[in-house]
Amino acid sequence: MSALTDLTIAAARAGLESREFSARELTEAHIKAAEAGRGLNALVVETFDQARERADASDKRLAAGEGGMLEGVPLAIKDLFCTRGVHSTACSHVLDGFEPPYESTVTENLWREGAVMLGKANMDEFAMGSANVTSYYGNVINPWRRAGDDKPLVPGGSSGGSAAAVAARMALGATGTDTGGSIRQPAAFCGLVGLKPTYGRCSRWGIIAFASSLDQAGPLTRGVEDAALMLGAMAGYDAKDSTSVDVVVPDYAAALNGEVKGLRVGVPAEYRLEGMPEEIEALWRRGIDWFKAAGAEIVDIALPHTKYSLPTYYIVAPAECSSNLARYDGVRYGLREADDDLTQMYERTRAAGFGAEVQRRIMIGTYVLSAGYYDAYYLKAQKLRTLIADDFRTAFESVDVVLTPTAPSPAFAIGEKMDDPIAMYLNDVFTVPASLAGLPGISVPAGLSAEGLPLGLQLLGQPFDEARMLNAARFLEIAAEFTAKPAWLNEGAP
Amino acid sequence: MAIDKATVLRIAKLARIEVADEATDGLAAELNAILAWVEQLSEVDTEGVEPMTSVVEVTLPQRADVAGAVASREDLLADAPNAEDGFFTVPKVVE
């Protein structure tokens with residue numbers, strides 16, 4: 001690990017501006033780190049030559065004093081984002097060889113601000129998973145390990161490759177997407193900051209769709225200020241996404257002061273789960289105490305429909321996925337299993353192209369939308385979603401942000417929780433409710449487990465109030481003083 | 001509401017996913033477990049609750065009715081597993 005790869009985005013920007021080092025040097029240092037980190041399987045495609053060209057172009061712009069917000073900053077891009085002429089497959093076999101002739105709005109925004117793409121990050125197939133074990137390109141290894149134990153751990157998911165790459169200092173930041181927790185949970189598992197913006201804040205155009213009413217893009221970074229910088233570049237109204245919301249994007253980074261005196265912090269009793277590890281409880285209590293000591297007002301709030309969030313999600317998300325993934329038919333892109341019969345060509349292509357978890361969700365979604373079951377399942381879930389969103393609306397009448405744990409456990413070993421889909425789904429118990437309500441959420445690394453693994457605390461904000469949420473997160477970051485580093489950096493491969 | 005083998009095959013047909021005969025029992029068990037778990041929603045009284053159709057309160061914008069293109073025909077066809085003479089191809093449908 002060189003000093004250049006250990007910088008925050010904010011520090012790297014300062015170093016580039018003052019010409020302390022060049023964008024090319026910064027990119028080369030990360031390419032070297034990415035090569036050394038290949039064993040983590042965080043990147044499924046490396047675009048190093050392209051990165052060098054872009055870094056050189058950044059150096060020219062910097063020299064001319066024309067650098068953008070992220071000029072020369074090397075990033076990993078989740079494989080769910082369409083990138084022009086570069087492999088974009090959602091880590092699914094069904095999209096084999098897909099190189100889109102267009103660019104997603106979010107990545108286009110990043111390139112406009114001068115960011116440099118190092119490669120495409122591994123992920124759960126079509127973003128369906130919480131451990132990055134459903135990728136067609138294999139598991140991602142978490143750079144963190146339990147103390148005194150070499151067992152490889154999952155990085156969380158679905159943005160697992162993005163999280164592993166940033167934690168292993170292979171990139172200064174990464175894009176992720178969050179449908180039910182896919183940015184926040186891997187951030188917590190890898191000791192990172194992960195931000196899911198308000199639904200509608202970032203354009204979904206060019207992001208391969210999973211559950212369109214829930215999907216949102218956001219950053220994974222090693223600090224809150226970096227998350228603010230990246231969100232500022234990624235966000236913005238886009239006429240190409242009809243659910244994109246036309247509201248001003250504030251200068252998030254400039255507004256950070258970590259001042260929380262008088263801030264009303266909601267604590268929902270319903271997030272205190274039966275059987276939750278004591279260390280997660282303790283971390284949450286510590287977070288509450290930090291806010292209290294800094295003059296914030298702690299408010300007990302009720303979110304009574306919390307326990308119905310996961311089952312609601314596992315109707316809504318599969319329903320939307322079954323509809324969105326109908327497009328993979330072996331005709332327009334990706335895999336095709338040849339057959340003389342059209343229907344059989346579809347059926348064989350989809351059976352060969354989708355992995356087990358994706359097939360399971362398509363089947364559930366097809367069932368809950370089918371004639372005779374629509375009202376009992378899908379309509380019922382849509383009504384629950386209204387009640388869950390109403391809970392938050394009521395709570396936010398008396399609080400500014402909500403504080404909860406991010407995940408019910410630290411990272412677990414590859415192979416654990418793999419036999420029972422529902423055990424895996426429970427990973428997202430704290431992140432799914434805000435997704436259903438469309439609210440912004442952020443995970444901040446706030447402590448270590450007894451085994452030396454990172455644990456995250458989550459802050460939720462009001463719609464389009466990311467600025468206040470980020471400022472509370474900045475406070476949490478300062479209070480937590482999280483400086484631990486993954487074993488990978490010191491010891492290398494297990 | 002239990003899903004049996006015949007239901008699995010019916011769903012698979014609707015979803016256009018080929019399911020091997022020997023896989024149907026396992027799939028039925030998995031789907032039943034998930035459906036039994038989501039069944040807890042029925043204990044909530046949702047009488048008079050509006051189903052959520054959009055998580056943000058916005059009026060769906062309308063764009064001008066003008067043709068546009070995000071990519072050229074050639075570029076789009078280049079991603080097709082089988083394209084001929086400027087068209088996507090499918091197995092013969094009409095006798």
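The analysis underlying the following values was restricted to heavy atoms, covering all of them including side chains, and did not include hydrogens, waters or symmetry mates. Chain letters run A, B, ... following the sequence lines, proteins first, then strands; residues in each count from 1.
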Does any part of the side chain of Ser370(A), heavy atoms only, come nearer than 4.5 Å to the side chain of Leu14(B), both counted from C-beta? yes
Here the gap from Leu41(B) atom CG to Leu384(A) atom CG, rounded to the nearest 0.5 Å, amounts to 4.5 Å
Which atoms of Val93(B) approach chain A - backbone, side chain, both or neither, heavy atom under 4.5 Å: side chain
Under a 4.5 Å cutoff for heavy-atom pairs, which residue among Pro81(B), Ser54(B), Ala83(B) has the most contacts with chain A? Pro81(B)
Any side-chain donor-acceptor pair under 3.5 Å between Tyr346(A) and Glu18(B)? no
Pairing donors with acceptors under 3.5 angstrom, does anything connect the side chains of Ser42(B) and Lys380(A)? no
Heavy-atom proximity to chain A below 4.5 Å, by part of Gln40(B): both
Rounded to the nearest 0.5 Å, what's the gap from NZ on Lys13(B) to OG1 on Thr366(A)? Could you check? 13.5 Å
So which part of Leu60(B) gets closer than 4.5 Å to some heavy atom of chain A, the side chain, the backbone, both or neither? side chain
Side chain from CB out, backbone as N, CA, C, O: work out which of these in Phe464(A) comes under 4.5 Å of a heavy atom of chain B, or both, or neither. side chain
For Val331(A) and Phe88(B) the tightest heavy-atom approach is O-CD2, 3.5 Å
pair Trp205(A)-Val70(B): side-chain heavy atoms closer than 4.5 Å: yes
In terms of side-chain geometry, is the basic nitrogen of Lys383(A) or Glu50(B) positioned less than 4.0 Å from the acidic oxygen of its partner? no
Any heavy-atom pair between the side chains of Lys92(B) and Asp340(A) that's under 4.5 Å? no
What is the distance from atom CG of Leu35(B) to atom CD1 of Ile315(A), rounded to the nearest 0.5 Å? 8.0 Å
Euclidean distance, Glu347(A) CD relative to Arg16(B) CZ, rounded to 0.5 Å: 6.0 Å
Can you say whether Thr312(A) sits under 4.5 Å from chain B via the side chain, the backbone, both, or neither, judging by heavy atoms? both
Nearest 0.5 Å, please: how far is CZ in Arg385(A) from OG1 in Thr46(B)? 15.5 Å
Close side-chain approach of Leu310(A) to Trp37(B), heavy-atom, < 4.5 Å: yes
Mind listing the closest non-hydrogen atom pair of Thr386(A) and Met52(B) along with its distance? OG1-N, 3.0 Å
How long is the span from the CD1 atom in Ile364(A) to the CD1 atom in Ile34(B), to the nearest 0.5 Å? 4.5 Å
Go through the atoms of Leu27(B) and report whether side chain, backbone, both or neither lie under 4.5 Å from a heavy atom of chain A. side chain
Relative to chain B, which segment of Leu439(A) carries a heavy atom at a distance below 4.5 Å: side chain, backbone, both, or neither? neither
Would you say that Asp79(B) contacts Pro101(A) through its side chain, given a criterion of any heavy-atom pair below 4.5 Å between the two side chains? yes
Applying a strict 4.5 Å limit to non-hydrogen atoms, the region of Asp329(A) in contact with chain B is neither
Lys307(A)/Glu43(B) salt bridge by N-O under 4.0 Å criterion: yes
